[in-house]
Engineer: 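Pasting a structure here, questions to come.
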Amino acid sequence: MTQRLHGIMAEFGTPEALVDAVKAAKRAGFTRLDAYSPFPLSDLAEELGIRTTIVPWIAFVAALIGSGIQYGTQYWMNAVDYPLNVGGRPLDSWPAFIPSTLIVAILWAGAATLIGLLLVLRLPRLHHPVFAVHGFERASQDRFFFCILSDDPLFESGATRSFLEALSPQIVREVPACD
Amino acid sequence: MSSEAQAVTSTVAEVPLTRRFGWIWWIAFLVSGALVLLLGYTLVSVTILGVGVWGVNIPFVWGFDLINYAWWIGIANGASLFAAILVLRRHDLRTAVNRFAEGVALFAVICAGIFPIFHLGRPWLFYWTFPYPATFEVWPQFRSTLTWDFWAISTHAIVTSLLWYVGLIPDLATLRDRARRRAVKRIYGVFALGWRGSVRDWAYHQRAYRLVAILVLPLILIMQSTVAFEFAVTLVPDWHETRQPLHFVATGLAQGLSIVLLVAVLLRWGLRLGRYIDEGDIDLLGKLVLASALVSGYLYLDEIVSALLADRIAQEATFTRMTGDYAGLYWTAIVYSILIPQLLWLKAARRSTIAGVFVGISVGVGIWFDRFSIIVGGLQTDHLPSIWRTYSPTLAETGLFLGTVGLFAALLLLFARFLPVISMFETRHDEHREKSS
């Protein structure tokens, strides 16, 4: 019985080689791809069709909600629930409510962006099949990894392996799935 | 590429991973640790005995508590603003100084936060500024700057620490992967949250990081203005000025930049990171400190012009600050924060470690005297003979201030000991770009 695979992974020494490998795999029709590098590669992200436009939307919507809640709270508490007359100023003294409304809008936007980032990336996840690959610790230092996932419709252990080997990587390894 | 990238990663990553760290670090840590103990002692004494142990009294209701609060916030804001601008401009300098500019900002906010909480008198009731359904059914008074301040400090602390941490995640993963001992690997591994460095992760990470850097810009302008509003919304003649927020923002920036310069020079010298924080970086930082000192100088002139145009009472209050019992503070501020940085016109001074340390400390000290001068000197003109007195800090206040300096230094030392002070992934990125262009 063969072991169930997460995918097959090739290791490269330069980002250029990684980019070429991704392009070749896309030409060959593979769709379930993942690439790992020690620093951001924005061209490659475009190549893989990754769109991050949800990030500013999360921030914007959170800022609207946060500022709405903050202004509403101040208005309701100081003008409706417990009207407080300070030196005859209007109960809804909006200029005085603005500073904390703006600050809380930023608080919501900032916290939502970074917490949302973790949710979108499904982190924290301390255990992942790729960590089992020998030498993968260099993905955070100076090596570039390219993985074709086993749920790709074209995936077929032997053929995919020889496809990757044809791209002249430093080494090709199988990534066992973890149950 | 590989071997070069490896070299960067190892120099920076070896710093936190090494077992021995040298006696200079230990001496510095013991000194700052002793100051942290002093901080604990003064905080316990003010909690048990009350604010009577401080030298504050009518009319000087604010003393060291607000002086040091405003000063630390200035450092935090200046450092944050600097870090955010570097990220947004994608400036090369960001690789070298961004991480510890964020660290400086975070530790300064922590120090700043201590003062307003303890100056409440009953610090354990600080949560009364938060609108929660209390049994006595009274809500906070949101027209008060005290409540604005509550939101501003807590937001600043949360957003700064999130930004700092999210920037650290990929580098924590590098430390996890390079650690030799299993326990160390586990600790960094947990904080790295399982970062794998997939291209998709990077794309989202960079987008989110830049977005929060954009948010920091309005945040610190509002935060520093909120500090200034605490003065501006009172009826005290010297404080009740619309120019107050501008003064605090600009001088706070000068102070933050000078502390970043100080820390950069010290780290470069102490950790031998000369190749990554190169002469050009330090030179540029020096020019920024000089430029911000000139802006501060302009604002001091503006203060005089505003006073000349103001009514007689405001005029008298401002000029008393410059000529009265506390005139020394005002002039010391000018010498230290505006005149001494002029040294940086000289190229040799910008590139020298000693001059960097000297000017960095000098601007920090100068702005501290400026805050002292505004807070105490601004209250000096009074027309009730029964409260004609002067303010001087007591030992409990001095100890509190020294204690926060110790806390700041201790946090920075721990940061330099256990975390990469330079963004390793940005450095790898830069070297790659240089090589391919």
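Side-chain atoms are counted along with the backbone in the values below, which use heavy atoms only and exclude waters and symmetry mates. Chain letters run A, B, ... following the sequence lines, proteins first and then strands; every chain starts at 1.
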Engineer: Given the rule in the side-chain contact (heavy atoms from CB on, under 4.5 Å) test, do B:Val199 and A:Val22 qualify, once you have shown the distances and angles that lead to the verdict?
Structural biologist: CA-CA 11 Å; B:Val199 172; A:Val22 172; over 6 Å; no
Engineer: Which one of B:Leu219, B:Leu163, B:Asp171, B:Val233 has the most heavy-atom pairs closer than 4.5 Å to chain A?
Structural biologist: B:Leu219
Engineer: Among all residues two or more places apart in sequence or in another chain, which pass the side-chain hydrogen bond (donor to acceptor under 3.5 Å, both in side chains) test with A:Glu165?
Structural biologist: A:Arg161
Engineer: At what distance, to the nearest 0.5 angstrom, does NE2 of A:His128 lie from CZ of B:Arg196?
Structural biologist: 3.5 Å
Engineer: Would A:Leu41 and B:Trp202 count as a side-chain contact (heavy atoms from CB on, under 4.5 Å) if you check the C-alpha gap in whole Å, the side-chain angles of each, and the deciding distance to 0.1 Å?
Structural biologist: CA-CA 8 Å; A:Leu41 291 171; B:Trp202 278 119; over 6 Å; no
Engineer: Side chain to side chain donor-acceptor pair (under 3.5 Å): which pairs involve residues 98-121 of chain A, sequence neighbours left out?
Structural biologist: A:Gln70-A:Ser100, A:Gln74-A:Ser100, A:Gln74-A:Thr101
Engineer: Which pair of non-hydrogen atoms, one from A:Leu123 and one from B:Leu193, has the smallest distance, and what is that distance?
Structural biologist: CD2-O, 3.4 Å
Engineer: Got a sec: does the OH of B:Tyr165 have more than 12 other heavy atoms crowding it under 6.0 Å?
Structural biologist: yes
Engineer: Hey, could you give me the OG/CD1 distance between B:Ser198 and A:Ile50, rounded to the nearest 0.5 Å?
Structural biologist: 6.5 Å
Engineer: State the CG-CD1 distance between A:Leu114 and B:Ile158, to the nearest 0.5 angstrom.
Structural biologist: 11.5 Å
Engineer: Could you state the interatomic distance from CD1 (A:Ile103) to CH2 (B:Trp148), rounded to the nearest 0.5 Å?
Structural biologist: 9.5 Å
Engineer: Determine whether a donor-acceptor pair (N or O, by modelled atom type, separation under 3.5 Å) exists between the side chain of B:Arg143 and the backbone of A:Pro95.
Structural biologist: no
Engineer: For A:Ile54, is it the side chain, the backbone, both, or neither that has a heavy atom closer than 4.5 Å to a heavy atom of chain B?
Structural biologist: side chain
Engineer: Below 4.5 Å, heavy atoms only, C-beta onward: do A:Leu102 and B:Pro218 meet side chain to side chain?
Structural biologist: no
Engineer: Sort by residue number and list every residue of residues 209-217 of chain B having at least one heavy atom under 4.5 Å from chain A.
Structural biologist: B:Leu211, B:Val212, B:Leu215
Engineer: Can you tell me which residue pairs pass the side chain to side chain donor-acceptor pair (under 3.5 Å) test with a partner in residues 33-42 of chain A, sequence neighbours excluded?
Structural biologist: A:Asp34-A:Tyr36
Engineer: Can you confirm whether A:Lys23 is buried at NZ, in the sense that more than 12 heavy atoms of other residues, nucleotides or ligands lie under 6.0 Å from that atom?
Structural biologist: no
Engineer: Would the number of heavy atoms belonging to other residues, nucleotides or ligands and lying under 6.0 Å from CZ of B:Arg243 be above 12?
Structural biologist: yes
Engineer: Any idea which heavy atoms bring A:Val120 and B:Arg200 closest together, and the distance?
Structural biologist: O-NH2, 3.6 Å
Engineer: For atom CZ of A:Phe131, decide whether the heavy atoms of other residues, nucleotides or ligands shown that lie under 6.0 angstrom number more than 12.
Structural biologist: yes
Engineer: Shortest non-hydrogen contact from B:Ala173 to A:Ser140?
Structural biologist: O-OG, 3.8 Å
Engineer: Taking everything shown except A:Tyr75 itself, do over 12 heavy atoms lie less than 6.0 Å from its OH?
Structural biologist: no
Engineer: Quick check on A:Trp94 against chain B: is it the side chain, the backbone, both or neither that has a heavy atom closer than 4.5 Å?
Structural biologist: neither
Engineer: Using 0.5 Å steps for rounding, measure from the NE2 atom of B:His205 to the CG atom of A:Leu118.
Structural biologist: 9.0 Å
Engineer: Is it the backbone or the side chain of B:Thr226 that comes under 4.5 Å from a heavy atom of chain A, or both, or neither?
Structural biologist: side chain
Engineer: Among A:Thr73, A:Asp81, A:Asn78, which residue meets the side chain to side chain donor-acceptor pair (under 3.5 Å) test with B:Trp139?
Structural biologist: A:Asp81
Engineer: With distance as the sole test, does B:Arg207 use its side chain to make a donor-acceptor pair with the main-chain N or O of A:Pro56 at under 3.5 Å?
Structural biologist: no
Engineer: To check you understand the geometry: which heavy-atom pair defines the closest contact between B:Tyr204 and A:Arg51, and what is its length?
Structural biologist: OH-O, 3.1 Å
Engineer: Identify the two heavy atoms, one from B:Leu162 and one from A:Gly110, that lie closest to each other, and give their separation to 0.1 Å.
Structural biologist: CD1-O, 4.4 Å
Engineer: Based on non-hydrogen pairs under 4.5 Å, which of B:His156, B:Arg176, B:Met223 is most in contact with chain A?
Structural biologist: B:Arg176
Engineer: Is A:Arg138 close to B:Asp177 at the side-chain level, that is, under 4.5 Å between some pair of heavy atoms?
Structural biologist: no
Engineer: With a 4.5 angstrom heavy-atom cut-off, could you sort out which part of A:Leu126 is near chain B: side chain, backbone, both or neither?
Structural biologist: both
Engineer: Check A:Tyr82 against B:Glu137 and note the closest heavy-atom contact, atom names and distance.
Structural biologist: CD1-O, 3.6 Å
Engineer: I need the residue from A:Val104, A:Thr52, A:Leu107, A:Ile115 with the largest number of non-hydrogen atom pairs under 4.5 Å to chain B.
Structural biologist: A:Thr52
Engineer: Pick one of side chain, backbone, both or neither for B:Val190, based on which atoms fall under 4.5 Å of a heavy atom in chain A.
Structural biologist: both
Engineer: Side chain from CB out, backbone as N, CA, C, O: work out which of these in A:Leu48 comes under 4.5 Å of a heavy atom of chain B, or both, or neither.
Structural biologist: side chain
Engineer: Could you check whether the rings of A:Phe39 and B:His429 sit parallel, tilted or perpendicular, using 30° and 60° as the cut-offs?
Structural biologist: parallel
